[in-house]
Amino acid sequence: MSSLHLYDTKSRTTSLFTPIKEGEVGIYLCGATVQAPPHIGHVRSGVNFDILRRWLTKSGYNVTFIRNVTDIDDKILHRAIHEEMPWWALAMKYERIFAEAYAALNVLPPTYEPRATGHITQMIDLMQLLIEREMAYAPGNGDVYLEVRKLESYLTLSRQKLDDLQPAADADETFKRDVRDFALWKAAKPGDPSWPTPWGPGRPGWHLECSAMAHQYLGESFDIHGGGLDLIFPHHENEIAQSEAAGYGFAQRWLHNAWVTASGEKMSKSLGNSLQVHELLKSVRGIELRWYLGSAHYRSMLEFSHESLAESATGFRRIESFLHRSVEILGTLPTPVLGNAFIDAMNDDLAVPAALASISEALRLGNSAITSGDKTVIESSANEIRGALEVLGCDPFDSAFVSGSANEDLTAALDGTIKLALSQREAARLRKDFESSDAIRDGLTALGIVIEDTAQGPRWSISRKSEGSGS
RNA sequence: GGUGGAAUGGCCGAGAGGCGAGGCAAGGGACUGCAAAUCCCUCUACACGGGUUCAAAUCCCGUUUCCACCUCCA
């Protein structure tokens, strides 16, 4: 039995995962700035870390998973003016859209999902502490800065030298002791929302909230901090700077997911609406989009194309189809079981691609067993596949994906109707009246119902058309 | 300028010194009245140039191309 090894961005190595407290894992994941609808890059991060969380839980850990919501920042304020609504209404609007996207992809709700604006008190406390420790200063203009030159270490994640950094184009050096000192707190501008502090009214800088909330929910030291690669600098460097300057141990391990790319380039809003989650969910189901996003290794770039998404969805339906057939044959839902190859793959820094290979193997064995009628192997294959899918968050029997019971009557009626047609077709086939039998099949096909003749008799399913070919 | 990442077959996508992951597509076969589904078989690769080694996609040196971050980013 292997044990979990994870990569760490700070050390740039993969090592045995040992939690601070036995049996417990604390994870802080940087969530979204809720200023626009999510594109698939945003939810890839959610899916990747959801798989990590599920694997840790499956491995027996009690996981506390924090994913924050940044509900106040420059972009939100700008966007709110553009959309002609209060900033807080805009933030809530997009927070809900993000939540819907996460739910559609079966990303489990975090243990706690703190909003930045709900933790101003903790941020002020943290700034107070930093000023007392003489690591931060309030120059009197209402801003509060962290003094980076006083840090014992800085930029250890990105391994850059302070002097090599290009100063920000808009850096205001009037009040900063060093150009690279960054704002913990920004003085209120006329018309902008603000909160009172001992240094004047203002609003939080981007980095401060994560340090404050991680401390609030996970304590001074915790196990894993995650986020997208693009957050390494400056966001995560500055979180480390703030938290270490406060005397906290902070994150023991850093995990960063790679981007979704299109035509080799990092996904961004400029690529348009077609890659927004709700657009893609018009052509594939949530479970299929999740399967696609989770299928690449979390540290590898995922090159998006509609073709590869459609291909991935087809592959998933093959697996799903086997599971449904196993239920028809065995009469019971599979019991999730983990195969050794799957366990070893997941323990190797969440090697999902290798884990998928183990599913392919089980699928092949299972399908062969259906042909040969070997129920023992059908069952063991189905169990193993379901066990794997469950960890990946793609279990088709998960209540998150099973449609509501309101449809049950309708489904039963449809099933009965189609079976009636199929019995007519079987009768025609028996008397070798293939013209009639094919007419029935063609008629059903035209309605989007696919007929397959199996050793156990004919079965039907609703065909799923994939849209979005080419571009 | 600084710091990282990437280049694998028709396509997607793993691997990190030694039996050519896996999937999709393609070709052949089995099954079938036909089809679908399924199974079996086949094909094939490590950007380029050197080097180390019994052995290199993997390590070293150099080169090319692409991508990202450098205070807005998942």
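Chain A is the first sequence line, chain B the second, and so forth, proteins listed ahead of strands; every chain is numbered from 1.
Rounded to whole angstrom, the span from the CG atom of D349(A) across to the P atom of A14(B) amounts to 12 Å. Distance F233(A) CZ to A74(B) P: 16 Å, rounded to the nearest Å. Protein atom CG of L275(A) is 14 Å distant from nucleotide atom C1' of A74(B), rounded to whole Å. C12(B) atom C1' lies 12 Å from atom CG of L356(A), rounded to whole Å. With rounding to whole Å, E311(A) atom CD is found 11 Å from A26(B) atom P. In this structure, M267(A) atom CE and A68(B) atom C1' are separated by 15 Å, rounded to whole Å. Between the P atom of G22(B) and the CD1 atom of I385(A) lies a distance of 16 Å, rounded to the nearest Å. Distance R159(A) CZ to C69(B) P: 20 Å, rounded to the nearest Å.
Side chains of N48(A) and S45(A): a donor-acceptor N/O pair is absent below 3.5 angstrom, by distance only. Side chain to side chain, S15(A) and T13(A) fail the donor-acceptor criterion of an N or O pair below 3.5 Å. Between H235(A) and E239(A), the side chains place a donor N or O and an acceptor N or O closer than 3.5 Å (distance only, hydrogens not considered). A donor and an acceptor atom, one from each side chain of E209(A) and T70(A), are located under 3.5 Å apart.
The S360(A) side chain lies nearest to G22(B) when the options are C12(B), G22(B), A14(B). When distances are taken from the side chain of W259(A) to each of U38(B), A68(B), A21(B), the shortest belongs to A68(B). When distances run from any side-chain atom of Y154(A) to the nucleotides U71(B), G13(B), U38(B), the shortest one goes to U71(B). Here the nucleotide nearest the side chain of P234(A), chosen from A36(B), G2(B), U71(B), is U71(B). Among the nucleotides C34(B), A21(B), A74(B), the one closest to the side chain of D438(A) is C34(B). The side chain of R441(A) lies closest to A35(B) when the candidates are A14(B), A35(B), C69(B). Between G13(B), G33(B), C39(B), one nucleotide has an atom nearer to the side chain of S368(A) than all others, and that is C39(B).
As rounded to the nearest Å, A16(B) and C59(B) have C1' atoms that lie 10 Å from one another. With both ends at atom C1', the span from U42(B) to A35(B) equals 25 Å, rounded to whole Å. For the C1' atom pair drawn from G13(B) and A57(B), the interatomic distance equals 15 Å after rounding to whole Å. Comparing the same atom, P, in C69(B) and in C54(B) gives a spacing of 45 Å after rounding to whole Å. With both ends at atom P, the span from A6(B) to G15(B) equals 10 Å, rounded to whole Å. Atom name C1', nucleotides U3(B) and G22(B): the rounded distance is 34 Å, in whole Å. C67(B) and G62(B) have their P atoms separated by 23 Å, given to the nearest Å. Here, A25(B) and U64(B) have their P atoms 40 Å apart, quoted to the whole Å.
As judged by a 4.0 angstrom heavy-atom cut-off over every strand, R364(A) is placed among residues touching the sugar-phosphate backbone only. At a threshold of 4.0 angstrom between heavy atoms, the contacts of H256(A) with the nucleic acid are absent. Contact annotation for G227(A): backbone-only contact, meaning every heavy-atom pair under 4.0 Å involves sugar-phosphate atoms and none involves a base. Within 4.0 Å of D163(A), counting heavy atoms only, lies no atom of the nucleic acid at all. Among the atoms of the strands shown, none is found under 4.0 Å from any heavy atom of R299(A). Counting non-hydrogen atoms under 4.0 angstrom, E237(A) reaches nothing in the nucleic acid. Residue contacts for N257(A): at a heavy-atom cut-off of 4.0 Å it reaches a base atom on one of the strands shown. Among the heavy atoms of the strands lying under 4.0 Å from V260(A) is at least one base atom, whether or not backbone atoms are also near. I451(A) comes within contact range of at least one nucleobase, with a heavy-atom separation under 4.0 Å. Residue S300(A) is in sugar-phosphate contact alone, with no base atom involved, counting any heavy-atom pair closer than 4.0 Å across all strands shown.
Using a 4.5 Å heavy-atom threshold, the side chains of N68(A) and Y217(A) count as separate.
Contact annotation: R429(A) does not reach the phosphate of C34(B) (side-chain N/O to OP1 or OP2, under 4.0 Å). Neither OP1 nor OP2 of G1(B) sits under 4.0 Å from any side-chain N or O of K161(A). Distances shorter than 4.0 Å separate some side-chain N or O of R318(A) from OP1 or OP2 on C24(B). The side chain of S321(A) contributes no N or O atom lying less than 4.0 Å from OP1 or OP2 of A37(B).
On a pure distance criterion of 3.5 Å, a polar donor-acceptor pair joins the side chain of D453(A) and the base of C34(B). Residue K266(A) places no side-chain atom within donor-acceptor reach of the base of C67(B), judged by atom type and a 3.5 Å distance cut-off alone.
Annotation: cation-pi geometry not satisfied between R290(A) and F316(A) (NZ/CZ under 6.0 angstrom from ring centroid, within 45° of ring axis).
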